[in-house]
Trainee: 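Please see the structure below; I have some questions.
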Amino acid sequence: MEPSKRPRNVLMRNINSNVTVKLKNGTKFEGRMVQCDDYMNIIMEGAKEIFDDKQLASYGTIFIRGNNVIYISIEQ
Amino acid sequence: MEPSKRPRNVLMRNINSNVTVKLKNGTKFEGRMVQCDDYMNIIMEGAKEIFDDKQLASYGTIFIRGNNVIYISIEQ
Amino acid sequence: MEPSKRPRNVLMRNINSNVTVKLKNGTKFEGRMVQCDDYMNIIMEGAKEIFDDKQLASYGTIFIRGNNVIYISIEQ
Amino acid sequence: MEPSKRPRNVLMRNINSNVTVKLKNGTKFEGRMVQCDDYMNIIMEGAKEIFDDKQLASYGTIFIRGNNVIYISIEQ
Amino acid sequence: MEPSKRPRNVLMRNINSNVTVKLKNGTKFEGRMVQCDDYMNIIMEGAKEIFDDKQLASYGTIFIRGNNVIYISIEQ
Amino acid sequence: MEPSKRPRNVLMRNINSNVTVKLKNGTKFEGRMVQCDDYMNIIMEGAKEIFDDKQLASYGTIFIRGNNVIYISIEQ
Amino acid sequence: MEPSKRPRNVLMRNINSNVTVKLKNGTKFEGRMVQCDDYMNIIMEGAKEIFDDKQLASYGTIFIRGNNVIYISIEQ
């Protein structure tokens with residue numbers, strides 16, 4: 001497998017994209033992913049926290065610890 | 001055991017197949033697995049999220065963190 | 001302890017046997033174990049998924065992530 | 001501490017003893033421990049699966065993944 | 001990726017900022033983050049513990065073990 | 001910190017003491033700790049298993065897997 | 001970051017302070033922290049175990065396994 005094909009490289013190439021991050025506690029964060037690393041630690045800017053389709057809060061800069069992440073979907 | 005016989009190599013050989021990924025939170029993702037790695041981090045394209053046989057959402061590109069995966073079944 | 005005596009070697013010697021794999025979420029998979037590795041990642045073929053003695057589904061080829069496994073019983 | 005004094009060595013010296021293995025999901029397995037390793041992966045033969053003092057099933061050869069084990073009591 | 005771009009470096013540059021730390025048990029801590037490390041172990045000063053928007057307690061100096069952290073939001 | 005000051009060394013010096021071991025599933029074991037290691041794997045002899053102040057069982061020799069331990073209190 | 005600035009060093013400098021240790025199972029221990037290590041294994045002396053503001057028990061010497069710790073607050 002070429003290095004450029006690894007899932008985490010795909011993630012890195014999407015830095016600065018708008019993403020939805022779903023966490024194990026059931027909340028979602030929607031916003032711009034400005035940083036991430038191999039462990040899925042993510043920094044988002046302008047993120048909205050959503051639970052059961054309701055917005056709970058919004059954040060300027062938020063750091064999400066990677067082990068809480070279920071998935072990251074990348075906005076087209 | 002020859003390297004080519006390892007479970008993860010079988011998974012790698014099925015990149016670009018249609019798969020169903022079952023997660024620990026009970027949801028399933030059906031779609032094309034375009035990337036995966038040894039940790040079971042997976043990138044899917046055109047994936048549908050399903051819970052209790054109902055489609056919840058669909059995604060263009062989604063990154064699933066490997067530690068959430070229960071199983072991956074490969075469409076024949 | 002001689003290497004041939006380790007539990008995982010016993011498992012390896014049973015590749016291609018029919019097995020029942022019980023997972024932490026309470027489901028069982030019955031079928032042929034065609035691959036496994038030290039982490040208990042398993043590939044089964046012709047597996048039936050069973051919960052509370054009812055068959056939920058069947059699979060051609062399924063990859064089970066090892067950390068979900070409680071036990072593997074080997075058919076005599 | 002001398003190596004022979006470590007808990008896992010005590011376990012190794014009891015290979016082929018009858019044991020009761022209690023798992024995190026509340027079930028117990030009673031039978032002969034024929035193999036074990038440092039991670040507490042165990043192979044039992046002639047094991048009975050017990051829950052709430054009722055026998056659920058019996059197994060010829062069963063492999064138990066170590067991370068599910070709470071305790072192993074050794075029959076005197 | 002340049003080292004200065006990693007999520008944890010961003011966190012380090014915010015030492016002495018006011019932050020909100022959300023934990024897996026549902027509580028939040030609001031106060032000044034005076035130390036943190038790569039594992040997300042955090043020392044806060046003057047922190048308030050909050051659950052369901054109610055203040056439960058306040059602390060002079062508190063050490064939070066990193067594996068409990070869901071996210072850290074940085075006050076603008 | 002001098003090596004003799006580490007928590008695990010204190011534990012090692014209490015081998016053969018009577019202890020109470022509290023596990024994550026809510027049960028306690030009271031008896032003599034005859035072995036332990038850095039991972040908190042413990043061998044007890046003459047242990048009583050207690051839940052909600054009621055004795056459930058007693059054991060000649062029991063091996064407790066360290067990752068289940070919450071605390072070990074040492075009888076004075 | 002200078003080594004003396006790390007969270008765990010701050011913890012080490014508070015050995016022999018009175019602390020409150022909150023665990024994942026909801027209990028708290030209040031008493032003197034006489035030892036701790038990098039993994040947050042802690043030895044306390046004269047500790048009271050508290051749940052829902054009620055004292056459940058007290059202990060001469062207690063060893064708490066680090067992975068159960070949510071936070072340690074240091075008495076001023």
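Both backbone and side-chain heavy atoms feed into the values below; hydrogens, waters and symmetry mates do not. Letters A, B, ... are given to chains in the order of the sequence lines, protein chains preceding strands, and every chain is numbered from 1.
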Trainee: Considering heavy atoms only, which positions within residues 16-29 of chain A lie below 4.5 Å of chain B?
Mentor: K22(A), K24(A)
Trainee: Please report, to 0.1 Å, the donor-acceptor pairs under 3.5 Å made by any side chain of residues 53-61 of chain A, with sequence neighbours excluded.
Mentor:
unit_1 : atom_1 : unit_2 : atom_2 : d
Y59(A) : OH     : E49(A) : OE1    : 2.5
Y59(A) : OH     : Y71(E) : OH     : 2.8

Trainee: Between N14(A) and chain B, with a heavy-atom cut-off of 4.5 Å, which part of the residue counts as in contact: side chain, backbone, both or neither?
Mentor: neither
Trainee: Are any of the side-chain heavy atoms of R65(B) and I72(A) separated by less than 4.5 Å?
Mentor: no
Trainee: Of all heavy-atom pairs between V10(A) and Q35(B), which one has the smallest distance, and what is that distance?
Mentor: CG2-CG, 4.3 Å
Trainee: For R8(A) and N41(B), indicate whether the former's side chain and the latter's backbone hold a donor-acceptor pair under 3.5 Å.
Mentor: no
Trainee: What's the separation between atom CD1 in I74(A) and atom CD1 in I43(B), rounded to the nearest 0.5 Å?
Mentor: 6.0 Å
